[in-house]
Colleague: 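Could you have a look at this structure, given as structure tokens, before my questions?
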Amino acid sequence: MNLAKGQGELFDQDHYCDDVLSIKERLSFKKELIQTWQKRIYSYQESLLKSNNKKPLQQSIFFVDEANQIANQPQFLKLTPFPLNFWRWPQNPHYGPAIYIVMDRPKGIDSHIVLYIGETVASERRWKGEHDCKKYLQAYSEACQMTGLGIQLSIRFWKDVPKETKPRRKLEQELIREWLPAFNKETRGVWNSPFTNDIN
């Protein structure tokens, strides 16, 4: 009996309840931070997404004039969405050069937000190995799940891009400057994400 009493003292009930309430309060606070962060990104990208969505779907564009490449970007939402683990499929859906766009459709927002824009010479291999963006997406996913916010992450490939690396990278940089995706290294300081402070 004395043992049971001693164990009861180790786990003081009032202190335990305080910890549970504290965790709930912290999660609620973090949830608000994430939602505010998502809405800030959406409010910036909303007009871009709306104008982008009105463009006619273009395929097989030949980039004669490099200066007009960004004007020829396709409707991002019309590109086929794939899960981020698409590279584990037995048959890879994409090969060769591409610009890829990572998006989410957060709860409480009418449309998507662009989280990352990248370029690759080999879309079948780029997402397989180490990728800085994967750390940010993992932290984002975990934070959203922990706070009860649903995520609908997808990756989309734009294939009608220059085959040569230099003009393709130029196009990628122009898109990053236009869209300011949250997880590109060039723009991370703009958005100050509430869940990636410990990521180098």
Side-chain angles (χ1 to χ4, degrees), residues 30-31 33-35 37-42 44-46 48-49 52-53 57 73-161 165 168-169 171-173 175-200:
K30 197 164 190 174
K31 181 177 182 177
L33 277 177
I34 294 168
Q35 286 177 314
W37 179 84
Q38 289 170 330
K39 285 174 184 169
R40 280 179 55 226
I41 294 170
Y42 179 67
Y44 171 78
Q45 293 179 349
E46 180 181 16
L48 291 169
L49 207 53
N52 175 271
N53 208 33
L57 184 61
Q73 64 184 278
Q75 296 177 20
F76 287 173
L77 295 178
K78 295 280 171 109
L79 297 171
T80 304
F82 294 97
L84 296 184
N85 65 352
F86 75 92
W87 54 271
R88 295 182 183 187
W89 295 357
Q91 288 278 323
N92 205 304
H94 283 293
Y95 289 87
I99 295 281
Y100 54 96
I101 304 104
V102 178
M103 305 178 87
D104 186 24
R105 184 166 190 167
K107 267 186 185 175
I109 293 178
D110 292 336
S111 190
H112 295 71
I113 56 175
V114 176
L115 295 173
Y116 189 83
I117 294 174
E119 67 81 25
T120 180
V121 70
S123 49
E124 70 276 14
R125 293 194 309 265
R126 179 65 183 103
W127 206 249
K128 276 185 185 179
E130 284 294 313
H131 199 303
D132 201 30
C133 179
K134 283 183 177 179
K135 294 177 192 172
Y136 286 87
L137 289 167
Q138 183 177 353
Y140 174 70
S141 299
E142 287 172 2
C144 287
Q145 288 168 359
M146 190 171 58
T147 54
L149 293 170
I151 53 168
Q152 295 181 45
L153 290 171
S154 62
I155 187 167
R156 297 152 197 257
F157 291 89
W158 176 20
K159 298 289 294 172
D160 292 325
V161 297
T165 299
R168 194 175 58 254
R169 283 193 180 151
L171 176 57
E172 173 204 32
Q173 289 302 306
L175 288 166
I176 290 168
R177 278 193 294 274
E178 181 181 29
W179 288 88
L180 297 182
F183 296 150
N184 283 86
K185 65 176 183 266
E186 299 90 339
T187 58
R188 283 177 202 149
V190 175
W191 301 113
N192 298 319
S193 67
F195 42 81
T196 56
N197 296 334
D198 56 342
I199 297 176
N200 295 324

Colleague: Decide if the gap between the ring center of Trp37 and the ring center of Tyr42 is smaller than 6.0 angstrom.
Modeller: no
Colleague: Might you point out which heavy atoms bring Pro181 and Ile176 nearest each other, and give the distance in Å?
Modeller: CD-O, 3.5 Å
Colleague: What pairs with Glu186 under salt bridge (charged side-chain N to carboxylate O under 4.0 Å, His left out), at least two apart in sequence or on another chain?
Modeller: none
Colleague: Tell me every residue that passes side chain to side chain contact (heavy atoms under 4.5 Å, CB included) with Gln35, counting only those two or more places apart in sequence or in another chain.
Modeller: Lys31, Gln38, Leu149
Colleague: What class does the angle between the rings of Tyr140 and Phe183 fall in, given that below 30° is parallel, 30 to 60° is tilted and above 60° is perpendicular?
Modeller: perpendicular
Colleague: Using the test side chain to side chain donor-acceptor pair (under 3.5 Å), find all partners of Gln45 that sit at least two apart in sequence or belong to another chain.
Modeller: none
Colleague: Measure from the side-chain N and O atoms of Asp104 to the backbone N and O of Gln152, and report whether any donor-acceptor pair falls under 3.5 Å.
Modeller: yes
Colleague: So, using side chain to side chain donor-acceptor pair (under 3.5 Å) as the criterion, who are the partners of Arg177 when residues are at least two apart?
Modeller: none
Colleague: Just by modelled atom types, is the Tyr116 backbone N or O under 3.5 Å from a matching donor or acceptor in the Trp179 side chain?
Modeller: no
Colleague: State which residues pass salt bridge (charged side-chain N to carboxylate O under 4.0 Å, His left out) with Arg105; sequence neighbours excluded, sorted by chain then number.
Modeller: none
Colleague: Does some side-chain heavy atom of Ile99 sit less than 4.5 Å from a side-chain heavy atom of Arg156?
Modeller: no
Colleague: List the residues meeting side chain to side chain donor-acceptor pair (under 3.5 Å) with Asn184, not counting sequence neighbours, and say none if there are none.
Modeller: none
Colleague: Could you report the tightest heavy-atom contact between Gly148 and Lys107, atom names first, then the distance?
Modeller: O-NZ, 3.3 Å
